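Presented below is the structure to which this report refers.
All of these numbers come straight from a predicted model, not from anything done at the bench. Atoms within each ligand, like the ligands themselves, are counted from 1 in listed order.
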Amino acid sequence: MATRALVNAKVLVEEDFRDDLAVLLDDAGEIAALLPATQAHTQAGEVHDLGGGWLLPGFIDAQVNGGGGVLFNNDTSVAAIAAIGRAHRRFGTTGFLPTLISDDAGVMARAVAATRAAIAAGVPGVLGVHLEGPYLAPARKGTHDATRFRVPDAAETAMATSLDNGVTLITLAPEQVPLDTIRAMVARGAIVVAGHTAGSYEEIRAGLDAGLRGFTHLFNAMSPLQGREPGAVGAALEDRASWCGVIVDGVHVHPASLRVALAAKPRGKLFLVTDAMPMVGAEDPSFALYGEVITAVDGVVRNAAGALAGSALDMATAVRNCVELIGLPLQEAARMASTYPAEFLGLGDRLGRIAPGCRADLVLLDDALQVRSTWIAGAREDVA
Ligand code: ZN
């Protein structure tokens, strides 16, 4: 049944690295078995030597606005999703949600339709769609256009949750929408999280009780933790069940704040996102957002008003930053990029681990933690 065996790598199996295993892949693009490396030749038709590198579960990025010169808001097409996925794959991303920031209902409907078509067409890596807004707080708008903010009616709620072949993630400010709207979105299968929120601790808490599963880019664009007002950050850090995405680019969040969050949350509840803009995997550091040209300077992306406008971050760099800036062991940084986002998205039984029965989505890093190869459903691509 197994067609290929991957050998001679330090393989992340659950919590630890193993250097004595062969990873067997089958014809269906799944991991068939983990066996002692000595059995590889008798169990597989081909044996691939990975040169002693680090073999990790492929990275899963729940927040990708763009890449390869493409911004999803500007091009809601299957080709655009494929181009974004290609750009990020070079940095180890094997699963992602193309992310639409606040826009008109027509653009949102096209984004959902393009995502559906991309999944149906087998575009590598696309797992669903992330609609970041437009149900957000003007006081915490970041680079979003607050003139587009609104409360969704029943028809718009139905449209926003209409993807039927992938994950729908919706970021909203829970104090800006009726709690029944959150409940309706969750009932229709969406994962709803708080972000770009000015909500009080009590308002966020009410949102969590209505079904919020987590928080978008913890610390950024949300009410901070203070002594008498815990805010969204305090509600996020206190809550045991919810997940928090974090942008570990050395700019969005101070390493000390990230260490506080890691100490506060149960292990497995913090995961890495890029919030990437089109310059990732592209030559051009500029792109247009809402008609304004935005240029990354020294890797920092700001709009004319000075607000951070997403990032120039890729997942492999985020993993390295977790090791170098926060001091995490590589195995935990890798899990924050794969196992934990898979569990957050409800895909943990199929993705995010190197285990029999999981899809063969993998990334191979060299000793400098640079990406050498990726596999999506068993299909390998080497980074030149
Ligand atoms: Zn945002």
Below 2.8 Å of the Zn ion (ligand 1), tally up the protein N/O/S atoms for me. 3
Scan side-chain atoms only and decide if Ser373 and Asp382 contain a donor-acceptor pair under the 3.5 Å cut-off. yes
Under a 4.0 Å N-O cut-off, is there an ion pair linking Arg267 with Glu15? yes
Would you check if there is a donor-acceptor pair between the side chains of Glu175 and Thr197 at a distance under 3.5 Å? yes
With sequence neighbours left out, the residues meeting side chain to side chain donor-acceptor pair (under 3.5 Å) with Asp49 are Asn8
Hey, are Asp16 and Arg18 close enough for a salt bridge, meaning a charged N less than 4.0 Å from a carboxylate O? no
Go through Leu362 and Leu6 one step at a time and tell me if the side-chain contact (heavy atoms from CB on, under 4.5 Å) criterion holds. CA-CA 11 Å; Leu362 306 166; Leu6 310 180; 3.7 Å; yes
